[in-house]
K.L.:
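One structure follows; several queries about it will come next.
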Amino acid sequence: MRLDKLHPVISGNKWFKLQYYLQQATQYSARKIATFGGAYSNHIVATAFACYLRQIPCAGFIRGEAAQTLSHTLLQAKAYGMELHFVSREAYKNKVAIQESNPDYYWVNEGGYGLPGAQGAATIPDLVPDIENYTHIIAAVGTGTMLAGLCKAAPPHQQIIGISAMKNNTALQQQVQALLDTPDNRFTILHDYHFGGYGKHPATLISYIQQCWQQYQLPLDIVYTGKAFFATEHLIKTHTIPQGSNVLFIHSGGLQGNLSLPAGTLPFS
Ligand SMILES: *Cc1c(COP(=O)(O)O)cnc(C)c1O
């Protein structure tokens, strides 16, 4: 499923995760929507764009001091009218304090983590024709919000597999479970496909992404979907996913994360 094709700027899954937050903010007549993220955060730019469309003022609290030249992501967020506040790495650790000093804002968690986010992501499968025919759904995992949404939406016979983009983030299991009403043993999070850690993109990953482009004209990103698609192929080749299965891979977007690479690293952008 190609969520990356939804829109060139707002990477797929963030759009779904934001929809109910925005609705709530409008209902509460919030003065401003505010959220957190790093300089390359898809969530930041998606929030900026979604607020721009709805004409809601928004603020992004960005981890770390402002760089000499802003990242492409932050420039885009700014162009959509997001007010940027740079927060030292130390102060960023205490997000509650930042929230408390701006109590009249409608706060969205970093990465859109939370129940409204999962409920938004639960609408993703609505767009897939004959969704019940799939035996497995595979997607990349950051906060686990999308994975929780997929679990909410999936019929009972489906296996939901999340590929963590981080190294050893074992808290994810609990983080996903916390967004589900009932214990769910259909979802599995795999932790062996991080390529060195969050945002790490060794040459093996870059050449894999290049190869997928050449073979399938499939553009993947270095943070999430490149790793998740690699994992999917690996699970199929090793028969961990049995032959005869019907696998739905969710390309969750995020291609603009590739803009952090030196120009020309990938044959697409
Ligand atoms: C944010 C993001 C994810 C992770 O989604 P979570 O709901 O935080 O797990 C996966 N893929 C892409 C492309 C993303 O931008």
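FYI, side chains are in, hydrogens and waters are out, and symmetry mates aren't considered; it's all heavy atoms of this structure. In each ligand, atom 1 is the first atom listed, and ligand 1 is the first ligand listed.
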K.L.:
Protein residues near ligand 1, heavy-atom distance below 4.0 Å?
P.N.:
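These residues qualify: Asn13, Lys14, Lys17, Asn42, Ala140, Val141, Gly142, Thr143, Gly144, Thr145, Met146, Tyr224, Ser252, Gly253, Gly254.
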K.L.:
List the atom pairs, with distances to 0.1 Å, where a side-chain N or O of residues 235-250 and a protein N or O form a donor-acceptor pair under 3.5 Å, not counting sequence neighbours.
P.N.:
unit_1: Thr238; atom_1: OG1; unit_2: His234; atom_2: O; d: 2.7
unit_1: Thr238; atom_1: OG1; unit_2: Leu235; atom_2: O; d: 3.4
unit_1: Thr238; atom_1: OG1; unit_2: Thr240; atom_2: OG1; d: 2.8
unit_1: Ser245; atom_1: OG; unit_2: Pro242; atom_2: O; d: 2.6
unit_1: Asn246; atom_1: ND2; unit_2: Asn133; atom_2: O; d: 3.2

K.L.:
Are a donor atom and an acceptor atom from the side chains of Thr123 and Gln19 found within less than 3.5 Å of each other?
P.N.:
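Short answer, yes.
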K.L.:
Once salt bridge (Lys or Arg N to Asp or Glu O under 4.0 Å) is applied, what residue pairs with a partner in residues 40-69 remain, sequence neighbours excluded?
P.N.:
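Qualifying pairs: Arg63-Glu110.
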K.L.:
Please report the closest heavy-atom contact between Pro183 and Gln177, naming both atoms and the distance.
P.N.:
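Distance-wise, the nearest heavy atoms are CA-NE2, 3.3 Å.
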K.L.:
Which atom pairs, donor and acceptor, lie under 3.5 Å between side-chain atoms of residues 214-229 and protein residues at least two apart or in another chain?
P.N.:
unit_1: Gln215; atom_1: OE1; unit_2: Gln211; atom_2: NE2; d: 3.2
unit_1: Tyr216; atom_1: OH; unit_2: Glu233; atom_2: OE2; d: 2.8
unit_1: Gln217; atom_1: NE2; unit_2: Trp213; atom_2: O; d: 3.2
unit_1: Gln217; atom_1: NE2; unit_2: Gln214; atom_2: O; d: 3.2
unit_1: Asp221; atom_1: OD1; unit_2: Thr225; atom_2: N; d: 2.7
unit_1: Asp221; atom_1: OD1; unit_2: Thr225; atom_2: OG1; d: 2.5
unit_1: Asp221; atom_1: OD2; unit_2: Val223; atom_2: N; d: 2.8
unit_1: Asp221; atom_1: OD2; unit_2: Tyr224; atom_2: N; d: 2.9
unit_1: Tyr224; atom_1: OH; unit_2: Tyr198; atom_2: OH; d: 3.0
unit_1: Thr225; atom_1: OG1; unit_2: Asp221; atom_2: N; d: 2.8
unit_1: Lys227; atom_1: NZ; unit_2: His194; atom_2: O; d: 2.8
unit_1: Lys227; atom_1: NZ; unit_2: Gly197; atom_2: O; d: 3.0
unit_1: Lys227; atom_1: NZ; unit_2: Lys200; atom_2: O; d: 3.0

K.L.:
Between Ser260 and His72, do the side chains contain a donor N or O and an acceptor N or O under 3.5 Å apart?
P.N.:
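Their side chains do not contain a donor-acceptor pair, so the 3.5 Å distance test is not met.
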